[in-house]
A.B. asks: 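Take a look at the following structure, please.
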Amino acid sequence: MTGRISHWIDGKPWAGVAERTGDVFDPATGQVAARVDFASRSEVDEAVAAAERALPAWRNTSLAARSRVMFAFRELIGRHRDELAAIVTAEHGKVLDDAAGEVGRAIENVEFACGIPALLKGGFSENASTRVDVYSMRQPLGVVGVISPFNFPAMVPLWFVPNAIACGNTVVLKPSEKDPSASNFIAELFARAGLPDGVLNVVHGDKVAVDGLLEHPSVRGISFVGSTPIARYVYETGTRHGKRVQALGGAKNHMVVLPDADLDLAADAAVSAGFGSAGERCMAVSVVVAVDPVGDELVAKIRERIANLRVGDGRRKGAEMGPLVTAAHRDKVTSYVDAGVSEGATLVVDGRGHEIDGDDAGFWLGPTLFDHVSPEMSVYTDEIFGPVLSVARASTYEDAVGLINDNPYGNGTAIFTNDGGAARRFQNEVEVGMVGVNVPIPVPVGYYSFGGWKSSLFGDTHAYGPDGLHFFTRTKVVTSRWLDPSHGGINLGFPRND
Ligand code: NAD
């Protein structure tokens with residue numbers, strides 16, 4: 001007998017019976033842990049209707065009251081941080097410490113949204129013309145949809161939900177069907193923080209639920225995070241239906257190591273960023289570009305470190321890397337290891353043979369390292385999204401940057417060097433949205449914004465931070481004149497700024 005995970009609509013668990021459901025696995029044991037309801041169109045409509053009903057009162061709730069809800073939520077999520085991390089680990093598989101880190105990064109966005117009264121201030125120009133004042137205000141879009149991927153089941157929903165509701169919108173969140181429980185827990189904590197019913201709703205499911213949001217006439221904005229083909233589809237479908245859409249897609253992140261870099265620091269960084277969360281991060285380092293002559297020494301250092309990585313059940317003490325999210329994903333990643341071998345890359349470490357501290361039926365794959373990877377190989381061209389790290393050799397700095405700029409993705413990148421001039425040149429020249437200098441995973445803090453370039457993002461605004469506020473509000477400019485007895489009667493000329 002397994003548990004059931006259902007929608008959260010209008011401030012409570014949905015009481016209906018779903019026509020379709022899906023399995024939610026414990027990836028460390030391979031067992032079905034729960035079944036999740038898959039929303040039909042009518043369930044999506046129910047959630048949107050709840051959000052619409054809640055909208056008029058919520059958008060006119062004072063900034064002070066909205067901010068107080070956010071502070072209360074901040075307090076609650078902090079208190080329940082370990083519980084939320086345990087939920088993430090149970091369904092995603094990442095180790096507990098990593099899950100706690102995810103929750104910590106999520107909290108940054110809540111803290112940002114706590115400042116909403118100051119953040120939503122508009123401009124005011126007194127006497128723009130004689131006795132005419134001009135001022136701007138930012139108003140919510142209305143009902144917005146948030147669609148999130150499996151790999152950050154707590155953080156990605158919280159990239160969007162706090163800013164969306166702090167700005168006065170109401171939300172329907174559709175998390176990944178692979179690890180849906182974190183979103184329900186977040187909705188429950190928001191309810192306990194005093195968020196009125198209907199302001200945040202959660203529907204579970206697949207394409208049917210996503211299409212229901214994309215095509216619903218009352219949904220005004222869509223924030224999406226997931227793979228590039230689906231991001232493109234969501235952007236095109238949502239905008240065709242008249243919505244504002246931001247759709248963040250996949251990645252192939254390169255880490256350049258220049259000859260003057262500290263190679264121990266670079267090797268530590270490559271292993272952490274390549275294999276943390278089993279490589280299931282959109283900011284994971286997937287390709288290390290070793291600039292001559294450091295390749296051999298760097299590969300040796302990375303290989304040594306991989307040998308010591310402890311792969312196992314994320315709940316067990318000492319585990320550093322957990323399983324992959326599903327058996328199908330594990331098989332897909334394994335097929336890339338097979339392809340790398342057959343395409344001629346040098347297999348330095350074979351993750352298929354790594355020792356595992358966990359149940360045999362879990363979705364395991366150890367860390368793999370390829371060397372001498374070239375741009376036509378599928379391990380290079382495709383986003384693998386698993387524990388497979390490739391090393392490509394470059395003769396010069398220019399070759400390394402050329403490789404990155406030729407890549408269709410542009411999410412994150414990093415350079416390891418002790419040369420400030422080279423680092424500065426790199427940040428200027430590289431066509432990527434987020435750049436690290438001796439920092440392998442440059443996820444911006446909550447008061448900047450997150451977003452890639454090229455095929456890593458469709459739309460004009462990045463996620464969270466200042467861009468998040470822009471996305472979730474529309475600007476209105478008011479030009480106002482209060483007549484006084486001196487007003488001068490009819491004038492058919494164009495209004496002049498005298
Ligand atoms: P995914 O694209 O399979 O799913 C994302 C969401 O879209 C889920 O909610 C899913 O239910 C829904 N979906 C799946 N197929 C759909 C379809 N055919 N039509 C409509 N909706 C559909 O992504 P995933 O496997 O859950 O997550 C991993 C991907 O997300 C990777 O590509 C990763 O790079 C990307 N990602 C990107 C960022 C970023 O900020 N750029 C962050 C995290 C993850």
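Counting convention: from 1, in listed order, for ligands and their atoms alike. Because only heavy atoms are used, hydrogens play no part in the values below, and waters and symmetry mates are left out as well, while side chains stay in. Computed from a predicted structure; not experimentally measured.
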A.B. asks: Would Phe385 count as a contact of ligand 1 if the rule is a heavy atom under 4.0 Å away?
C.D. replies: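 For ligand 1, residue contact (heavy atoms, under 4.0 Å) with Phe385 is present.
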A.B. asks: Considering non-hydrogen atoms of the protein only, which is the closest contact for atom 27 (O) of ligand 1, and what is the distance?
C.D. replies: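 Result for atom 27 (O) of ligand 1: Pro149 CB, 3.3 Å.
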A.B. asks: Cut-off 3.5 Å, side chains only: do Ser227 and Glu383 have a donor facing an acceptor?
C.D. replies: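 Distance-only check fails for Ser227 and Glu383.
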A.B. asks: Can you list the ligand 1 atoms lying under 4.0 Å from a non-hydrogen atom of Glu177?
C.D. replies: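 So the answer, numbered in order with elements, is 10 (C), 11 (O).
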A.B. asks: Can you tell me if Ser40 and Glu19 form a side-chain donor-acceptor pair at under 3.5 Å?
C.D. replies: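 Ser40 vs Glu19: no donor-acceptor pair found between side chains.
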A.B. asks: Going by distance only, is there an N or O of Lys174 that falls short of 3.5 Å from an N or O of ligand 1?
C.D. replies: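 Yes; the residue has a nitrogen or oxygen that sits under 3.5 Å from a nitrogen or oxygen of the ligand.
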A.B. asks: What atoms in ligand 1 come closer than 4.0 Å to a heavy atom of Phe450?
C.D. replies: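 Reading through ligand 1 atom by atom, the close ones are 39 (C), 40 (O).
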A.B. asks: Pick whichever of Gly226, Gly412, Cys282, Gly451 has a heavy atom sitting closest to atom 35 (C) of ligand 1.
C.D. replies: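 Considering heavy atoms of Gly226, Gly412, Cys282, Gly451, the nearest to atom 35 (C) of ligand 1 sits in Gly226.
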A.B. asks: How far apart are the closest heavy atoms of Val432 and Trp453, and which atoms are they?
C.D. replies: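 Looking at all heavy atoms of both residues, the shortest contact is N-CE3, 3.7 Å.
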A.B. asks: Quick one: which of Leu457, Asn151, Val146 has a heavy atom closest to atom 43 (C) of ligand 1?
C.D. replies: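 The residue whose heavy atom sits nearest atom 43 (C) of ligand 1 is Asn151.
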A.B. asks: Name the closest protein heavy atom to atom 23 (O) of ligand 1, giving the residue it belongs to and the distance to 0.1 Å.
C.D. replies: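 Looking at atom 23 (O) of ligand 1, the protein heavy atom closest to it is Ser227 N, 3.5 Å.
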A.B. asks: Looking only at protein heavy atoms, which one is nearest to atom 32 (O) of ligand 1, and what is the separation?
C.D. replies: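 Heavy-atom neighbour on the protein nearest atom 32 (O) of ligand 1: Glu383 OE1, 2.6 Å.
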A.B. asks: Judged by non-hydrogen atoms, does Gly249 sit under 4.0 Å from ligand 1?
C.D. replies: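 Gly249 counts as a contact of ligand 1 under the 4.0 Å cut-off.
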A.B. asks: Nearest heavy atom to atom 12 (C) of ligand 1: which of Ile384, Val210, Thr228 does it belong to?
C.D. replies: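 Shortest heavy-atom distance from atom 12 (C) of ligand 1: Val210.
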A.B. asks: List the closest protein heavy-atom neighbour of atom 24 (P) of ligand 1: residue, atom name, distance to the nearest 0.1 Å.
C.D. replies: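 Closest protein heavy atom to atom 24 (P) of ligand 1: Phe150 CD2, 3.6 Å.
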A.B. asks: Has the side chain of His204 got a donor or acceptor atom that lies under 3.5 Å from a matching backbone atom of Glu177?
C.D. replies: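 No; zero donor-acceptor contacts below 3.5 Å.
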A.B. asks: Is there a donor in the side chain of His216 and an acceptor in the side chain of Arg41, or the other way round, less than 3.5 Å apart?
C.D. replies: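 No.
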A.B. asks: Can you tell which of Thr326, Val325, Ile230, Thr237 gets a heavy atom nearest to atom 15 (N) of ligand 1?
C.D. replies: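 Result: the heavy atom closest to atom 15 (N) of ligand 1 is in Ile230.
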A.B. asks: With a 4.0 Å cut-off on heavy atoms, is Tyr409 in contact with ligand 1?
C.D. replies: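 No, Tyr409 has no heavy atom closer than 4.0 Å to ligand 1.
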